[in-house]
Amino acid sequence: MVVTFKDDLDLDKIAESGQCFRWQKKEENTWQIVTGKELLYAKRLEAGLYDFDCTEIAYETVWKNYFDMQQNYSEIRSLISPKRDFFLYQAAEYGKGIRILRQDPWEMLISFIISQRKSIPAIRTAIDKLCEMAGDPITGKNGKMIYTFPSPKQMAALSKDQLAACGLGYRTAYIWETAHRVASEEIDLKQINRLDDKALLKKLSELYGVGIKVANCTMLFGFHRLDSFPKDVWINRVLEHEYAAGYSFEQYSPYNGVMQQYMFFYYRVNKES
DNA sequence: GCCCAGGGATCTT
DNA sequence: AAGATCCATGGG
């Protein structure tokens with residue numbers, strides 16, 4: 001069954017917004033998207049209109065949640081005053097259609113540990129190798145094999161040499177340590193989701209290889225804590241050049257993470273310096 | 001070949 | 001507490 005809908009949704013922008021690393025663009029404006037063991041082909045028909053190649057049940061139980069469809073992003077953007085903050089207004093208009101996906105916390109944690117000092121293409125390559133090495137195979141549309149993101153146990157079963165073979169470099173020890181702590185249930189990602197933002201940030205930061213930036217990315221993209229505001233090189237440029245007088249975190253609470261995505265996307269695509 | 005990447009740990013001051 | 005240095009490897 002084909003599900004069609006029109007909403008504040010632009011998959012091309014989401015794919016370039018730095019929150020997902022495993023989407024693959026196929027022919028005819030179609031994105032191949034995997035979450036858990038679920039596979040989706042989403043085809044763009046026209047601006048804001050997509051064909052989701054999935055059953056209605058799969059949409060209702062999986063993809064509606066994954067794309068955060070119950071959230072009204074237009075309402076969030078209405079917090080921005082073009083008079084008081086023209087830069088953010090402009091960035092948000094430019095990034096209209098971006099949503100914060102509800103991705104798996106474990107996958108986000110590992111993905112963003114890998115992300116440090118790596119270019120986005122290099123991050124994708126490393127994650128793909130990990131999936132192929134330890135994930136479960138799923139059969140894709142053209143019969144080609146696709147692999148799920150390895151579970152904590154699957155990843156903990158890999159040796160450091162195997163991890164290093166995925167191009168993890170000096171992050172190998174970080175991933176190895178984190179995989180074992182989560183697989184052994186010393187750290188329970190479901191349990192810590194009960195913590196408030198501040199406590200969760202602290203808890204995540206205790207992991208080896210997880211600093212303030214990776215913790216915030218994991219919070220925003222994995223735990224859907226929309227107020228988390230990861231500061232990377234791009235955001236630091238924005239804060240330096242556009243908010244020399246200061247950025248008001250309070251003004252956009254509890255949606256600072258959404259604003260961060262608009263800023264990131266706008267600055268990175270336009271390559272301003 | 002060269003440079004640097006969605007940072008963090010560790011060592012100095 | 002803040003600043004400097006090292007880190008492995010793949011893309012561009």
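Throughout, a chain's letter reflects where its sequence line sits, starting with A, and its residues are numbered from 1.
- A:Q116 places its CD atom 12 Å from the P atom of B:dT10, with the value rounded to the nearest Å.
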**OP:** Determine, stepwise, if the pair A:F21 / A:F112 fulfils ring-ring contact (aromatic ring centres under 6.0 Å, His included).
**Re:** CA-CA 10 Å; A:F21 301 104; A:F112 282 99; 5.4 Å; yes
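- The separation between A:Y170 atom OH and C:dA8 atom C1' is 8 Å, rounded to whole Å.
- Scanning all heavy atoms of the two residues, the minimum distance from A:L239 to A:K231 falls at CD1-CE, 4.0 Å.
- Following rounding to the nearest Å, A:I120 (CD1) and C:dG10 (P) show an atom-to-atom distance of 18 Å.
- Here the C1' atom of nucleotide B:dC3 and the NZ atom of A:K118 are 15 Å apart, to the nearest Å.
- Counting non-hydrogen atoms of neighbouring residues, nucleotides and ligands closer than 6.0 angstrom, the NZ atom of A:K25 exceeds 12 such neighbours.
- Salt bridge annotation for A:D68-A:R102: present, with a cationic side-chain nitrogen under 4.0 angstrom from a carboxylate oxygen.
- Taking atom CZ of residue A:R124 and atom P of nucleotide B:dA5, one finds them 17 Å apart after rounding to whole Å.
- Looking at A:Y174, its side chain has no donor and acceptor atom pair within 3.5 Å of the base of B:dG7.
- Listed by residue number, the members of residues 94-113 of chain A with any heavy atom below 4.0 angstrom from DNA chain B form an empty set.
- Across all strands, A:L207 comes closer than 4.0 Å only to sugar-phosphate atoms, never to a base (heavy-atom distances).
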**OP:** Decide yes or no on ring-ring contact (aromatic ring centres under 6.0 Å, His included) for A:Y94 and A:Y262, but give the supporting numbers first.
**Re:** CA-CA 8 Å; A:Y94 188 81; A:Y262 289 139; over 10 Å; no
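- Following rounding to the nearest Å, A:L163 (CG) and C:dA8 (P) show an atom-to-atom distance of 15 Å.
- Atom CG in A:L201 sits about 15 Å away from atom C1' in B:dG7, given to the nearest Å.
- Contacts of A:G209 with the nucleic acid, taken as non-hydrogen atoms under 4.0 Å apart, involve only primed sugar atoms and P, OP1 or OP2.
- Among B:dA9, C:dG11, B:dA5, the nucleotide with an atom closest to any side-chain atom of A:Y208 is B:dA9.
- Between the side chains of A:Q24 and A:K26, at least one donor-acceptor pair of N or O atoms lies under 3.5 Å.
- The residue among A:S119 and A:V210 whose nearest nucleotide of DNA chain B lies closer to the 5′ end is A:S119.
- Ion pairing between a basic and an acidic side chain is recognised when a charged N comes within 4.0 Å of a carboxylate O; A:R44 and A:E28 show no such pairing.
- Side-chain nitrogen and oxygen atoms of A:S115 include none within less than 4.0 Å of the OP1 or OP2 phosphate oxygen of B:dG7.
- Looking at heavy-atom distances under 4.0 Å, A:L168 makes no contact with the nucleic acid at all.
- Atom P of nucleotide B:dA5 and atom CD1 of A:I127 are separated by 18 Å, given to the nearest angstrom.
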